[in-house]
Undergrad: 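After the structure tokens below, expect a handful of questions from me.
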Amino acid sequence: MKGPKTPQQETNEANSDISRAHRALELLNNPLYLEAITAIEAAMFEQFNSTKLEDGAQRHELWQRMQLMRLFQGRFESIVQQGGRAKDTLMLLEKKAARVGSNI
């Protein structure tokens, strides 16, 4: 069983999360990434739109692909949010360290 994390471990994890969030945000804002995602989504929508109502299997497969794209993008957005929480954690750790240091 793991014990509580040390302040240094928490700081290291927060810095790692912030770094990952920065890279994820760079990717989400990258024009080539945005162009690729937009083109893929548009192609899937067009394919879905042009299927016949009777072709349930193909419609279902395309719907699943569109959901997978949302999950894919959502994962990167989740990493960005995690980085925001890590910044808050880092601030709290710094405030705690400052209080402990001022009590000495």
Side-chain angles (χ1 to χ4, degrees):
M1 188 171 172
K2 295 181 181 179
K5 295 177 186 172
T6 67
Q8 186 59 49
Q9 288 172 319
E10 289 181 346
T11 299
N12 290 346
E13 286 181 13
N15 283 325
S16 175
D17 288 347
I18 291 168
S19 176
R20 291 179 75 231
H22 180 70
R23 291 190 313 268
L25 190 57
E26 284 178 342
L27 177 66
L28 287 172
N29 291 327
N30 184 301
L32 292 174
Y33 172 82
L34 293 170
E35 180 183 328
I37 292 296
T38 301
I40 291 168
E41 287 176 337
M44 284 189 293
F45 182 77
E46 276 302 313
Q47 286 178 315
F48 184 84
N49 215 26
S50 66
T51 59
K52 293 186 176 17
L53 185 58
E54 307 82 46
D55 197 354
Q58 185 180 10
R59 293 173 68 84
H60 183 71
E61 181 182 334
L62 287 164
W63 179 84
Q64 285 179 320
R65 288 181 191 175
M66 288 186 276
Q67 297 305 308
L68 184 59
M69 285 296 295
R70 285 191 184 126
L71 287 172
F72 177 79
Q73 288 182 283
R75 180 62 188 137
F76 285 103
E77 291 165 3
S78 167
I79 291 170
V80 171
Q81 291 170 353
Q82 187 175 352
R85 290 189 300 272
K87 284 182 183 178
D88 294 341
T89 298
L90 210 49
M91 271 190 351
L92 291 173
L93 288 169
E94 289 170 357
K95 285 180 182 180
K96 184 178 177 181
R99 277 195 310 255
V100 170
S102 67
N103 290 335
I104 296 177

Undergrad: If you count every heavy atom of other residues, nucleotides or ligands that lies below 6.0 Å from Glu35 atom CD, does the total exceed 12?
TA: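 No, not enclosed.
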
Undergrad: Side chain of Thr11, backbone of Pro7: donor and acceptor closer than 3.5 Å?
TA: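 Flag set: sc Thr11 to bb Pro7 pair under 3.5 Å.
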
Undergrad: Let me see the working for Asn30 and Glu26 under side chain to side chain donor-acceptor pair (under 3.5 Å), right down to the final yes or no.
TA: CA-CA 6 Å; Asn30 184 301; Glu26 284 178 342; over 6 Å; no

Undergrad: Within this structure, what is the CG-CD1 distance for the pair Leu25 and Ile79, rounded to the nearest 0.5 Å?
TA: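 Between atom CG of Leu25 and atom CD1 of Ile79 there are 11.5 Å.
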
Undergrad: Identify the two heavy atoms, one from Gln9 and one from Thr6, that lie closest to each other, and give their separation to 0.1 Å.
TA: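 What the structure gives for the nearest pair is OE1-N, 2.8 Å.
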
Undergrad: For residues Ala86 and Ala14, report the shortest heavy-atom separation together with the two atoms involved.
TA: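 It is CB-O, 3.5 Å.
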
Undergrad: For Ala21 versus Gly83, what's the shortest heavy-atom pair and its separation?
TA: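 Minimum heavy-atom separation between Ala21 and Gly83: CB-CA, 3.5 Å.
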
Undergrad: Please report the interatomic distance CD(Gln73) to CG(Leu68), rounded to the nearest 0.5 Å.
TA: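 Nearest 0.5 Å value for the CD-CG distance: 10.5 Å.
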
Undergrad: Find the distance between CD1 (Ile18) and CZ (Arg85) and round it off to the nearest 0.5 Å.
TA: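 The distance works out to 12.0 Å.
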
Undergrad: Are Leu34 and Leu27 in one and the same hydrophobic cluster, where Ile, Leu, Val, Met, Phe, Trp and Tyr link if side-chain heavy atoms are under 4.5 Å apart?
TA: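 In one cluster with Leu34: Leu27, yes.
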
Undergrad: CZ of Arg70 to CD of Glu77: how many Å apart, nearest 0.5 Å?
TA: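 So the gap between those two atoms works out to 11.5 Å.
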
Undergrad: Mind checking the CE-CD1 spacing from Met66 to Ile40? Nearest 0.5 Å is all I need.
TA: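 Those atoms lie 13.0 Å apart.
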
Undergrad: In Å, rounded to the nearest 0.5 Å, how long is the span from CD of Gln64 to CG of Leu71?
TA: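 Here the interatomic distance stands at 11.0 Å.
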
Undergrad: Under the side-chain contact (heavy atoms from CB on, under 4.5 Å) test, which residues partner Ser50, sequence neighbours left out?
TA: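 side-chain contact (heavy atoms from CB on, under 4.5 Å) list for Ser50, sorted by chain: empty.
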
Undergrad: Show me the pairs that pass ring pair (Phe, Tyr, Trp, His ring centres under 6.0 Å) and involve residues 76-98, at least two apart or across chains.
TA: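 Matches after skipping sequence neighbours: Phe72-Phe76.
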
Undergrad: Is there a side-chain contact between Glu94 and Leu90 (heavy atoms, below 4.5 Å)?
TA: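 Sidechains of Leu90 and Glu94: in contact.
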
Undergrad: Decide yes or no on side chain to side chain contact (heavy atoms under 4.5 Å, CB included) for Glu10 and Lys96, but give the supporting numbers first.
TA: CA-CA 12 Å; Glu10 289 181 346; Lys96 184 178 177 181; over 6 Å; no

Undergrad: Check this for me: Tyr33, atom OH, are more than 12 non-hydrogen atoms of other residues, nucleotides or ligands nearer than 6.0 Å?
TA: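 More than 12 heavy atoms, drawn from other residues, nucleotides or ligands, come within 6.0 Å of this atom.
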
Undergrad: Cut-off 3.5 Å, side chains only: do Ser16 and Arg20 have a donor facing an acceptor?
TA: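 Distance-only check fails for Ser16 and Arg20.
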
Undergrad: For Met91, check side-chain contact (heavy atoms from CB on, under 4.5 Å) against everything at least two apart and list the hits.
TA: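 Counting only residues at least two positions away or on another chain, Met91 forms no side-chain contact (heavy atoms from CB on, under 4.5 Å).
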
Undergrad: Applying side chain to side chain donor-acceptor pair (under 3.5 Å) between Glu61 and each of Gln58, Arg59, Arg65, report the one that passes.
TA: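 Exactly one pass, corresponding to Arg65.
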
